[in-house]
Amino acid sequence: MKKIINDPANVVAESLRGLAAAHSDVLRVQYDPDVVVRADAPVAGKVAVISGGGSGHEPLHGGFVGRGMLAAAVPGAVFTSPTPDAVHAAVTATTGDAGALLIVKNYTGDVLNFETAAELAAAEGLEVRSVVIDDDVAVKDSTYTAGRRGVGGTVLLEKITGAAAERGDSLDAVTALAQKVIAQVRSIGVALTAPTVPHAGTPSFELDDGEIEFGIGIHGEPGRERIPLEPADALVARMVEAVVTDLPFASGDRVLLFTNSMGGTPLVELYLAHGIAERLLAERGIVVERRLVGPYITSLEMQGMSLTLLKLDDELTELWDAPVNTAALRWGL
Amino acid sequence: MTCKAEGVAAAVRAAAAVVAEHRVELIDLDRAIGDGDHGENLNRGFAAVVAALDAGAPDTPGGVLKLVATTLISKVGGAAGPLYGTAFLRASAKLGTAGDLDVPALLEALRAGLEGVQARGKAVAGDATMVDALIPAVSAAEKAAGDGGDVAAVLTAAADAADRGAESTVDLVPRKGRASYLGERAVGHLDPGARSSALLLRAFAEAAR
């Protein structure tokens, strides 16, 4: 393992100190329990959109804290969901009369800890709702598993609900909007290499040069199948097919296409793949109206990528375009 | 034979030592089918439990277990924090403020702990989770108590059964937790949560002898 770290046990806390130093214009960090909150929190009269999960997925979620997106992010240990008291601290730091919406990715630990925190907050009279995002089409037979995972769609969900909260929508309205986004967003991911969790010290799995994992989550867990590495045209076609046929997306649909690096895949390959995906969607008559390309929900240094499609309408497009001022997304100011 | 708060605290310290000793093994089991954090998280939690006991141990068995529960919930995260936290919380509630832990109280605590895990995680037998170690452990504990066993004998029977139950997860297709995403690919791997449950019960049994 070669990493720019000190003690593996202190990686998250030391990283948060740097995040706070780099982006003090939009966020601040509370320590022990660790919570990233927007610099001007709590914002009176506005729903606090809060998310969190294990660290190692940067810029998710701390990079999305700020005006027009998240009120707070709760970072757990690397690849480990945060504890209920940390989520609770995020709620109390940002939530006023308008209430809070917790965005939870469908992983067992995240669901259990956020559920407990929501109960704690409700017992104190705070109005807190939760939505669980489960956009990963790689998990087929969800009756016999913990259900589909929350992956790339999380970024789009946080942006759109954050924009709705910023314009003053009620908790009911923001929650309904979140459910709409969850119903029409789908993702698939592939891994060319495994990440190395700092405290583990060795890669999460081994792959030969000619192999990839198809249908991965964001924690270095193996995918649903191991397949030979193909040229980009064939690989991206396989990914597009998996996503498009799931919802399904149909000719004439307007969509947002999010091409995401898992951390180790450089932009030259990511743009190459994005171009192929755009062409394949156009061939199917699917209209790409908005795009996001880059490393936004990563898995440490894992090489690989994910594709996310969100079906757009006028309202979702307007909320996507709304001003956002965070460490990782910044436009319309 | 009964067990007082000091005995329970000593058993918890022994469990913390066992978790530290098996930290890498649990990480490796979890790396194979999950994300590789189980050993690290449990070790962080139990190290915090020892620190909390050093700062002032409660004077009843139930109080000790409640301290274990609240510390694990606030330090572990992941799925293991809420699951083990709930188990110890439910067990401590059953023990109440009694000063002694006898065999009937131990059985109630074990049953409550298992029910807590199942209520939180919604796993059943055969899902390849810690429940596959805990269900046979509780059954074996009940049988040992029925045969007139003392606290140590009951815990030893539970630990033996938990070992066998954990081993049984090797052949199962996981249906809960992160390993469930692998489906058939996870067959052949020991569930890390079942392994850690068996390790904890063994540590308690050894400490009670």
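Just so we're on the same page: letters track the sequence lines, and every chain starts at 1. Everything numeric here is computed off the predicted structure, so don't read it as measured data. The figures here come from the full heavy-atom set of this structure, side chains too, leaving out hydrogens, waters and symmetry mates.
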- Proximal component of A:N113, with respect to chain B [non-hydrogen, under 4.5 Å]: both
- Item | B:R185 to A:G223 - nearest heavy-atom pair and separation | NH1-O, 2.7 Å
- Query: Does atom NZ of A:K3 have more than 12 heavy-atom neighbours from other groups under 6.0 Å away?
  - Reply: yes
- Item | Among the listed options B:S74, B:G177, B:P82, the residue most often paired with chain A at heavy-atom distances under 4.5 Å | B:S74
- Query: How far apart are the C-alpha atoms of A:V197 and B:E40, what are their side-chain angles, what is the distance that settles it, and do they pass the side chain to side chain contact (heavy atoms under 4.5 Å, CB included) test?
  - Reply: CA-CA 11 Å; A:V197 177; B:E40 180 72 14; over 6 Å; no
- Atom group of B:A32 that falls short of 4.5 Å from chain A, counting heavy atoms: backbone
- Message: Treating A:H199 as the side-chain partner and B:I27 as the backbone partner, does any N or O pair qualify as donor plus acceptor under 3.5 Å?
- Response: no
- Whatever's closer than 4.5 Å to a heavy atom in chain B on A:E206 counts as neither
- Message: How long is the straight-line distance from CG of A:D136 back to OH of B:Y181, given to the nearest 0.5 Å?
- Response: 8.0 Å
- Query: Does any heavy atom of chain A fall under 4.5 Å from the side chain of B:V173, the backbone, both, or neither of them?
  - Reply: neither
- Item | Side-chain touch A:T83/B:K75, heavy atoms, less than 4.5 angstrom | no
- How far apart are the closest heavy atoms of A:T80 and B:D37, and which atoms are they? OG1-OD2, 2.7 Å
- Proximal component of A:E225, with respect to chain B [non-hydrogen, under 4.5 Å]: backbone
- With a 4.5 angstrom heavy-atom cut-off, which part of A:T202 approaches chain B: side chain, backbone, both or neither? both
- Gap between atom OG of A:S81 and atom CG of B:N41 - 0.5 Å precision: 8.0 Å
- Message: For the interface with chain B, which of A:P203, A:G217, A:A9 has the highest count of heavy-atom pairs at distances below 4.5 Å?
- Response: A:P203
- Note on the structure: Separation between CZ (B:R31) and OG1 (A:T196), nearest 0.5 Å, reads 8.5 Å
- Query: Does the side chain of B:R120 reach to within under 4.5 Å of the side chain of A:T116, using non-hydrogen atoms?
  - Reply: yes
- Message: Nearest 0.5 angstrom please: A:L112 CG to B:T86 OG1, how far?
- Response: 8.0 Å
- Message: Is A:A200 close to chain B through its backbone or its side chain, or both, or neither, when contacts mean heavy atoms under 4.5 Å?
- Response: both
- Message: Please report the interatomic distance CG(B:D30) to NE2(A:H219), rounded to the nearest 0.5 Å.
- Response: 11.0 Å
